2 protein chains.
Amino acid sequence: MRVTIKDVAREAGVSKATVSKYLNNAPYVSEHTRQLIEAAIRKLDFQPNSTARGLRNHRSHCIGVIVASILNPFYPQLIQGIEDVATARGYALLLASSDGDARQEHQIVQAMRQRQVEGIIFASVRLTDREVLKLKRMHTHVILASRHLPDAPVDYVIVDSYKGAYLAVEHLLMHGHRRIAHIGGPENIAQFADRMRGYSKALEDAGLDVDPTLVIRGGLRLEDGELAFRQLMALANPPTAIFAATDNLAFGVLRAARASGCLIPEQLALVGFDNVPFSDIAAPPLTTVDGNALGIGRHAASLLIDRIESAQGSSTAESDHTAAPDPMHLLFEPQLLIRQSCGCQTTEQIRR
Amino acid sequence: MRVTIKDVAREAGVSKATVSKYLNNAPYVSEHTRQLIEAAIRKLDFQPNSTARGLRNHRSHCIGVIVASILNPFYPQLIQGIEDVATARGYALLLASSDGDARQEHQIVQAMRQRQVEGIIFASVRLTDREVLKLKRMHTHVILASRHLPDAPVDYVIVDSYKGAYLAVEHLLMHGHRRIAHIGGPENIAQFADRMRGYSKALEDAGLDVDPTLVIRGGLRLEDGELAFRQLMALANPPTAIFAATDNLAFGVLRAARASGCLIPEQLALVGFDNVPFSDIAAPPLTTVDGNALGIGRHAASLLIDRIESAQGSSTAESDHTAAPDPMHLLFEPQLLIRQSCGCQTTEQIRR
DNA sequence: AAAATCTAGGAAACCGGTTTCCTATCTCGT
DNA sequence: ACGAGATAGGAAACCGGTTTCCTAGATTTT
């Protein structure tokens with residue numbers, strides 16, 4: 001029924017051990033035997049059971065990816081980047097979304113550990129530093145992608161949010177705006193704290209104070225952007241420009257603006273962050289900071305697999321398990337993509 | 001170092017067998033022993049190795065999902081739907097994208113089988129009927145989501161493409177268009193053949209012939225839509241309306257139209273298919289047929305897991321393995337979402 | 001020609017769980 | 001007081017691979 005290495009061995013007239021050696025092309029299998037085994041494998045359509053192999057080897061060749069919500073258009077690019085290199089290097093992807101909820105994230109991590117993933121890429125971290133470090137101690141490599149924990153010695157790959165936000169707000173200032181609002185992400189995510197800092201610094205450098213009524217922080221869903229727009233526009237002294245912490249939030253602004261008859265960019269300038277695939281098809285095309293999700297995904301996966309394989313190599317050698325390598329921090333340079341939602345009439349431009 | 005059931009057994013002063021019984025809450029474990037084991041598990045932070053369990057049980061509680069490209073905005077919704085129910089029912093998701101390529105798809109299937117997935121949801125099938133049937137014979141359940149193979153007895157969950165396309169074209173006809181082009185998907189995907197048929201039938205019912213120069217079939221990427229737009233507009237007698245087989249293709253039309261100064265819907269009406277998340281934020285908001293990707297994903301996963309678990313139950317019973325259940329075919333009713341790219345000035349409407 | 005080394009392949013233990021089967025008490029009906 | 005059944009738990013086989021260790025013959029070295 002189910003064909004195993006034993007069936008192949010019987011068919012080829014050799015032992016399980018020899019078939020196994022063939023499969024791992026170990027030395028000391030004669031050409032003749034090799035052919036017998038190949039014929040048997042073809043005849044029986046044998047597929048080695050990689051979980052059995054993994055059990056023995058403590059290898060699953062599987063990595064976990066946790067995103068907040070795959071419906072947020074930022075993540076598919078990230079996942080694609082991860083998949084590109086994972087597949088190329090022989091790893092499979094276990095995907096789960098946490099809804100940005102710490103409890104769910106914890107359960108996902110638990111489930112992934114039970115499934116023996118060799119590493120986890122967090123594109124959403126609601127875990128505390130301590131929990132993440134505990135994971136690392138448990139043979140599970142961890143990479144943060146597009147997120148970072150400032151105080152934990154963990155690898156991460158991100159775009160420089162501070163600089164990106166600065167560029168965005170600086171550009172709005174150049175347009176002459178003085179009342180620039182910020183729709184931010186959750187306060188406790190470092191990446192969004194950085195965007196907030198970049199926003200503040202740009203205002204400060206222009207000699208302006210941050211008006212707390214112009215800063216709205218909360219969720220990351222499109223609806224949160226709509227809500228924030230309405231709240232800002234209901235102000236006695238509404239802003240003339242908005243810097244949204246993500247394109248998804250900016251899309252919410254776009255939709256709410258259209259619903260309320262507010263013209264963008266004529267009555268309200270808007271800049272987003274991420275350069276999500278459809279930001280250039282929106283009405284109007286969204287001026288945004290390129291977050292290089294694909295590149296982040298690729299580098300995160302690459303770094304993770306490097307970590308896995310170097311740990312693998314050293315564990316058979318001397319290897320003192322206390323010697324954790326220094327955490328790697330990859331920062332991509334952000335680029336401002338000037339389209340039309342900021343009020344520029346030009347065709348697309350790039351500024352660093 | 002690595003904590004196993006043996007460590008728990010030693011710590012609790014019982015045997016592996018008893019711990020195992022506890023884990024599977026089998027009967028005949030006394031309250032006292034139960035508490036000893038619980039304490040040991042907590043103390044050691046024991047996580048059962050689900051691959052070891054799977055090896056013995058022939059269960060992985062893992063399902064594979066194959067999409068063409070996760071960057072196509074249709075798929076994230078589908079995946080979300082699948083994940084919702086998979087997680088709820090205790091299954092993990094192995095995700096891979098095939099680029100719509102048969103060779104890659106074959107390799108992915110191979111890798112997934114080796115990893116002992118209990119079933120595969122194909123949201124992209126480039127495999128032949130024979131290959132899919134072979135999979136089914138190999139203990140791997142198969143569901144097609146948003147795809148179908150007309151001649152193979154395989155479960156599928158789709159939206160009624162024929163009817164949806166008919167609705168879309170009928171609506172363009174109602175606007176008075178007589179030269180309606182169709183940008184189709186690959187000819188050998190049944191779902192797109194159906195959309196083509198719906199297009200033809202609607203024209204026919206209006207007493208019009210299909211002009212082959214107005215039908216362009218090929219890829220599904222946004223760029224394919226741009227290309228098709230340029231090709232159609234270069235015609236001596238260009239169309240006044242386009243029915244695109246997917247929103248993604250329609251986005252390509254939108255982008256190319258903007259680049260060439262062609263106004264939509266004034267100079268060219270456009271209707272898409274899928275109701276991808278951002279179709280209502282596009283410029284102009286895209287009139288489209290709702291493909292209910294989320295619902296398809298949910299039902300596909302639900303059906304798959306039902307299949308897995310009923311097969312599981314019966315295999316211990318008498319079970320005659322030739323008795324394959326009749327394939328299930330779920331068809332969702334399509335809805336036309338009237339927005340503005342078709343030329344309607346109204347706010348959003350729904351027509352069935 | 002004897003010793004050393006290399007080559008090819010097999011037996012059995014092992015990975016971490018589950019399951020079968022067996023034994024020892026305990027309870028209960030008569 | 002005794003046999004039947006229920007309860008609690010352990011020893012060992014098992015899932016499907018890999019790996020260690022061993023042996024026998026071939027080849028090389030001295």
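Naming convention: chains lettered A, B, ... in sequence-line order (proteins, then strands); numbering from 1 in each chain. Side chains included, hydrogens not; waters and symmetry mates left out as well; all remaining heavy atoms used. Just so we're clear, the structure is a prediction, and the values are computed from it rather than from any experiment.
- Look at NZ on B/K6: it is 10 Å from C1' on C/dG16, rounded to the nearest Å.
- The nearest whole Å value for the distance from the CG atom in B/L23 to the P atom in C/dG16 is 15 Å.
- For the pair A/R2 CZ and D/dG17 C1', the interatomic distance rounds to 14 Å; values are reported in whole Å.
- Of the side-chain N and O atoms in B/N24, one or more sit less than 4.0 angstrom from OP1 or OP2 of C/dT18.
- At a cut-off of 3.5 angstrom, the base of C/dG17 holds at least one donor-acceptor pair with the side chain of B/K16.
- To the nearest 0.5 angstrom, B/L144 atom CG is 8.0 Å from B/D155 atom CG.
- Here B/T18 does not reach the OP1 or OP2 of D/dG9: none of its side-chain N or O atoms lies under 4.0 Å away.
- The distance from atom CD of A/Q47 to atom P of D/dC15 is 20 Å, rounded to the nearest whole Å.
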Show, in sequence, the C-alpha distance, side-chain angles and deciding distance for B/V142 and B/L304, and conclude whether the side-chain contact (heavy atoms from CB on, under 4.5 Å) test is met.
CA-CA 7 Å; B/V142 172; B/L304 176 57; over 6 Å; no
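- Within the 4.0 angstrom heavy-atom criterion, only backbone atoms of the sugar-phosphate kind lie near B/T33; the bases stay farther away.
- Under 4.0 angstrom from either OP1 or OP2 of C/dG9 there lies at least one side-chain N or O belonging to A/S30.
- Atom OH of B/Y28 and atom P of C/dC21 are 16 Å apart (whole Å).
- As judged by a 4.0 angstrom heavy-atom cut-off over every strand, B/Y22 is placed among residues making no nucleic acid contact.
- Across all strands shown, A/V19 has no heavy atoms under 4.0 Å from either base or sugar-phosphate atoms.
- Atom CD1 in A/I41 sits about 13 Å away from atom C1' in D/dG17, given to the nearest Å.
- Taking all atoms of both residues into account, the shortest heavy-atom contact from A/S97 to A/I108 is O-CD1, 3.5 Å.
- Which of C/dG16, D/dG17, C/dA11 sits closest to the side chain of A/R53 comes down to D/dG17.
- B/H58 places its NE2 atom 11 Å from the P atom of D/dG17, with the value rounded to the nearest Å.
- The 5' end of DNA chain C is approached more closely, in terms of each residue's nearest nucleotide, by B/L55 than by the other of B/K21 and B/L55.
- Nucleic acid contact class of B/S20 (heavy atoms, under 4.0 Å, all strands): base.
- Across every non-hydrogen atom of A/Y91 and A/I63, the tightest pair is CD2-CG2, 3.9 Å.
- Between A/R56 and D/dG17 there is no side-chain N or O to OP1 or OP2 distance below 4.0 Å.
- Comparing B/T4 and A/S15, the nucleotide of DNA chain C nearest to each residue sits closer to the 5' end for A/S15.
- Here D/dA12 is the nucleotide among D/dG17, D/dA12, C/dG16 with the atom lying nearest to any side-chain atom of B/A17.
- Taking the side chain as every heavy atom from C-beta outward, A/V8 and A/V14 never approach each other to under 4.5 Å.
- Whole-Å rounding puts the A/R59 CZ to D/dT18 C1' distance at 14 Å.
- With respect to B/R89 and B/D306, a salt bridge is recorded, a charged nitrogen being found less than 4.0 Å from a carboxylate O.
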